[in-house]
S.K.: 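Structure below; questions to follow.
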There are 2 protein chains.
Amino acid sequence: MTRTRPRTLSTSEERRDTVLRTAVETFASRGYYGTTTTEVATRAGISQAYVYRLFPNKEALFLAVVEHAFDLVRDSLARGAAAAASTDPELVLRAMADSYAELISDQNLILVQLHAQAAAAAEPTVREAVRAGYARVVEYVRSVSGASEPQVQNFFAVGMLCHLIVAIDASSVDAPWARVLSAGIKHV
Amino acid sequence: MTRTRPRTLSTSEERRDTVLRTAVETFASRGYYGTTTTEVATRAGISQAYVYRLFPNKEALFLAVVEHAFDLVRDSLARGAAAAASTDPELVLRAMADSYAELISDQNLILVQLHAQAAAAAEPTVREAVRAGYARVVEYVRSVSGASEPQVQNFFAVGMLCHLIVAIDASSVDAPWARVLSAGIKHV
DNA sequence: GAATAGAGTGGTTAATCACTCACTAAGCGG
DNA sequence: CCGCTTAGTGAGTGATTAACCACTCTATTC
């Protein structure tokens, strides 16, 4: 019997949390279909079977990941708004954008959103989660910034462009087209 | 021997073309990882084995689909530019946007782009294809429209927002946040 | 009317998938 | 230290996957 290191149990709450966190990274790279539960389990340091004690199935795990990602986005925007120097809508939006740029420097969040967005068209449950996420975030940005509807729309349009830039790592491409797309976007 | 309907052979060129076309639809709904070669074959009306005579492997098929999608986008923008009433950059861009809006009314093209974008981060070959696609399209829009760099950037930002709207079918959601996002975007 | 080239398939394989179950070990209250 | 609850796993399940190969059928050519 090789008992090298004694087990230290955690509460299932804690485990669920760490699994969620590592699942973000895993789903970020290969998306819903391309990610296996074994991969998530291995990265979380538990057996694949135990993933199924913490989450009813793969879909539920993915949905939890998506919702978690939106939570982080909202928190980030809130921090930005709180740090804004003035109440001028334009400036509040800029502060939010800066905070968001900081959040996505690890790019996992953005990739999860991108994969969720892509899967949304075919998977009704994912679509509902993404809709709910944007509903909250858009509503939040609008009410907190006090910006006009076109301003808010433009804010999200630039956000979406940001997703593209991160996905193809455009800012590390030395070409005119890449510079045009990523001009003025926080370093990434 | 049940020989219900006599076989009518086509050239492999033709077949490759129809497979590509149906593959667009198939990859559009479940992306690279979620789409099986059997699914593509069935929808194209051939055996799964024959897919592998027409394309070396699944990845090559997907890359061909992505490139095909970008071709269609470029053609569409070209048609828009040709139909523009004036040479005013603003108006040329608008004409291009209108043409693009028409192209994506079937939404398969957009979904392929979205899936490719999401897969780009993890798959180097996909990333290269997506970069090449945007390189061509951005360069084309810039040179043909004569618009300023910020104008071009904004053009693509709105395009990306368009992707989100289509993916989650935001225009069929009756809520303020959805209206903010899809305001002014061609019906979809 | 054979010979030949190319279109197209059935059947298989090894790997991998999501998911399950019977089980062991760990901690905690009494 | 006993009994119970909970954390956690090993060893599978059947289904599905990408890819391959040996083969048949069709059409054209000489």
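Bear in mind the structure is a predicted one, so any value in this text is a computation, not a measurement. In what follows, chains are A, B, ... by sequence order, proteins preceding strands, each numbered from 1.
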S.K.: Report, one line per pair, each donor and acceptor closer than 3.5 Å where one atom sits in a side chain of residues 53-63 of chain A; sequence neighbours left out.
M.R.:
residue, atom, partner, partner atom, Å
A/Asn57, OD1, A/Glu59, N, 3.4
A/Asn57, OD1, A/Ala60, N, 2.9
A/Lys58, NZ, A/Tyr32, O, 2.9
A/Lys58, NZ, A/Thr35, O, 2.8
A/Glu59, OE2, A/Thr125, OG1, 2.6

S.K.: Can you check the B/Glu59 CD to D/dA19 C1' distance for me, whole Å?
M.R.: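 Taking atom C1' of D/dA19 as the reference, CD of B/Glu59 is at 14 Å.
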S.K.: Ignoring hydrogens and angles, tell me if any N or O in the side chain of B/His115 forms a donor-acceptor pair with the backbone of B/Leu111 under 3.5 Å.
M.R.: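 Yes, B/His115 side chain to B/Leu111 backbone: donor-acceptor pair under 3.5 Å.
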S.K.: Go through residues 47-57 of chain A and report each residue with a non-hydrogen atom lying under 4.0 Å from DNA chain C, sorted by number.
M.R.: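 Residues of residues 47-57 of chain A under 4.0 Å from DNA chain C: A/Gln48, A/Ala49, A/Tyr52, A/Arg53, A/Asn57.
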S.K.: In whole angstrom, give the distance that lies between atom CD of A/Glu13 and atom C1' of D/dT6.
M.R.: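 These atoms are roughly 13 Å apart.
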S.K.: Is there a donor in the side chain of A/Ser171 and an acceptor in the side chain of A/Ser182, or the other way round, less than 3.5 Å apart?
M.R.: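 Short answer, no.
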S.K.: Which residues, if any, of residues 17-32 of chain A bring a heavy atom under 4.0 Å of DNA chain C?
M.R.: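 Heavy-atom contacts with DNA chain C come from no residue of residues 17-32 of chain A; none.
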S.K.: In chain order, what residues pass the side chain to side chain donor-acceptor pair (under 3.5 Å) check against B/Arg43, with sequence neighbours excluded?
M.R.: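 For B/Arg43 there are no side chain to side chain donor-acceptor pair (under 3.5 Å) partners, ignoring immediate neighbours.
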S.K.: Roughly, in whole Å, what's the span from OH in A/Tyr33 to P in D/dA18?
M.R.: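 After rounding, the gap between these two atoms is 14 Å.
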S.K.: Of the options A/Leu109, A/Val24, A/Asn108, which is the one that meets A/Leu72 in a side chain to side chain contact (heavy atoms under 4.5 Å, CB included)?
M.R.: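 Of all the options given, the one that passes is A/Leu109.
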S.K.: For residues 129-147 of chain B, pull every pair meeting salt bridge (charged side-chain N to carboxylate O under 4.0 Å, His left out), keeping only residues two or more places apart or in separate chains.
M.R.: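 For residues 129-147 of chain B, and leaving out neighbouring residues, the salt bridge (charged side-chain N to carboxylate O under 4.0 Å, His left out) pairs sorted by first residue read B/Asp71-B/Arg136, B/Glu128-B/Arg131, B/Glu139-B/Arg142, B/Arg142-B/Glu149.
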S.K.: State whether a side-chain donor-acceptor pair under 3.5 Å links B/Glu39 with B/Thr26.
M.R.: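 Distance-only check fails for B/Glu39 and B/Thr26.
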S.K.: Applying side chain to side chain contact (heavy atoms under 4.5 Å, CB included), can you list everything that pairs with A/Asn154, at least two apart in sequence or on another chain?
M.R.: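 A/Asn154: side chain to side chain contact (heavy atoms under 4.5 Å, CB included) contacts with A/Val158, B/Asn154.
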S.K.: Quickly work out the B/Arg15 CZ to D/dT26 P distance and round it to whole Å.
M.R.: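 Roughly 14 Å, once rounded to whole Å.
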